[in-house]
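Read through the structure below, which is laid out as structure tokens, and then see the notes.
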Amino acid sequence: MAVKLLTRQQAVAALGGMPERTFARLVSEGIPRRGDGAKARFPWPDAWHWYLDRERKAAKEAARPPVPADLADAERRLEAARAETAEIKLAQLRGDLVTVKSYREELGRTCEQLRGIVLAIPGRYAHRLVGLATPAQAMAQLRMMAHDLVIELQRDPAEDEAA
């Protein structure tokens, strides 16, 4: 098929007689043309095909459902959650934050240590209580046991394992 070069008025008429402002917008959007100003010529049917493609794209865009506002909101919340998760992981790495699981494990170890110390009291201190004549003597021995118990609890079991 041979290409015909149409003047501006002929191109407007061939495209359905649109207003001049509409055709000017098509020119600014890139409708095929040769030359500029009053000497511009519009190759036919290339201009027609370009115009049909433009209208098809516009129709597809209009038919596409708009992105709901709550989707954008959900994406912002997701990004905020990711940032918060990263902050939590950083705090854990620094030792500023512990998980409930690790807290429970440490509490369990501490309770086991305390249990062992308390169960060892009779064997460690019974001999100190034999033969005491007064409550004051018993009280002094019990204070020493309590002091030893506190010192034992303050001791770091990790130091014992390292030694």
Side-chain angles (χ1 to χ4, degrees), residues 1-121 145-163:
M1 175 183 255
V3 174
K4 262 170 80 175
L5 295 176
L6 304 179
T7 64
R8 188 177 191 96
Q9 291 78 19
Q10 290 171 330
V12 167
L15 291 173
M18 61 187 63
E20 177 55 37
R21 262 178 39 199
T22 303
F23 191 77
R25 190 174 335 108
L26 296 179
V27 171
S28 71
E29 290 178 16
I31 192 169
R33 70 176 177 181
R34 296 186 187 155
D36 289 319
K39 294 184 178 184
R41 297 294 179 257
F42 301 89
W44 195 263
D46 295 346
W48 173 248
H49 293 294
W50 179 89
Y51 180 71
L52 289 177
D53 286 344
R54 177 188 174 276
E55 291 302 307
R56 283 186 196 117
K57 287 177 188 173
K60 280 184 182 178
E61 189 65 34
R64 187 178 302 157
V67 175
D70 57 341
L71 178 61
D73 186 46
E75 288 173 346
R76 282 192 297 277
R77 287 193 319 269
L78 176 63
E79 191 58 36
R82 286 181 177 151
E84 190 173 335
T85 301
E87 287 179 20
I88 289 170
K89 286 181 180 178
L90 179 61
Q92 285 176 330
L93 289 173
R94 289 181 176 160
D96 297 336
L97 186 68
V98 295
T99 64
V100 171
K101 179 181 177 184
S102 64
Y103 170 78
R104 286 182 178 157
E105 289 171 356
E106 184 62 31
L107 182 61
R109 282 191 293 272
T110 302
C111 289
E112 281 299 310
Q113 178 189 7
L114 179 59
R115 180 180 175 275
I117 293 169
V118 169
L119 291 176
I121 287 175
M145 283 186 251
H147 178 72
D148 289 350
L149 178 64
V150 169
I151 290 173
E152 188 75 24
L153 289 173
Q154 289 175 342
R155 203 169 39 91
D156 187 359
E159 291 176 4
D160 292 342
E161 292 172 10

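Just so you know, these numbers come straight off a predicted model, no measurement behind them. Numbers for residues simply follow the sequence, beginning at 1.
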Listed pairs under 3.5 Å, donor-acceptor, residues 75-86 side chains, sequence neighbours left out:
| unit_1 | atom_1 | unit_2 | atom_2 | d |
| --- | --- | --- | --- | --- |
| Arg77 | NH1 | Asp73 | OD2 | 2.7 |
| Thr85 | OG1 | Ala81 | O | 2.8 |

Interatomic distance, Leu119 atom CG to Leu114 atom CG [nearest 0.5 angstrom]: 9.0 Å

Pairs where residues 4-26 contributes a residue and the test side chain to side chain donor-acceptor pair (under 3.5 Å) is met, not counting sequence neighbours: Thr7-Gln10, Arg8-Glu20

Beyond-backbone contact of Glu29 with Trp50, side-chain heavy atoms, under 4.5 angstrom: yes

From Leu149 atom CG to Gln154 atom CD, the distance as rounded to the nearest 0.5 Å: 10.0 Å

Minimum side-chain heavy-atom gap Asp53-Arg56 below 4.5 Å: yes

Listed once per pair and sorted, the side chain to side chain donor-acceptor pair (under 3.5 Å) pairs that draw on residues 88-108, sequence neighbours left out: Thr99-Ser102, Glu106-Arg109

With sequence neighbours excluded, residues passing side chain to side chain contact (heavy atoms under 4.5 Å, CB included) with Ile121: Tyr125, Met145

Qualifying residues under side chain to side chain contact (heavy atoms under 4.5 Å, CB included), relative to Ala14, sequence neighbours excluded: Leu6, Trp44

Closest non-hydrogen atom pair between Pro32 and Phe42, with its separation: O-CD2, 3.4 Å

Distance-only criterion, 3.5 Å: show the donor-acceptor pairs between side-chain atoms of residues 58-65 and protein atoms not counting sequence neighbours.
| unit_1 | atom_1 | unit_2 | atom_2 | d |
| --- | --- | --- | --- | --- |
| Glu61 | OE1 | Arg64 | NH1 | 3.1 |

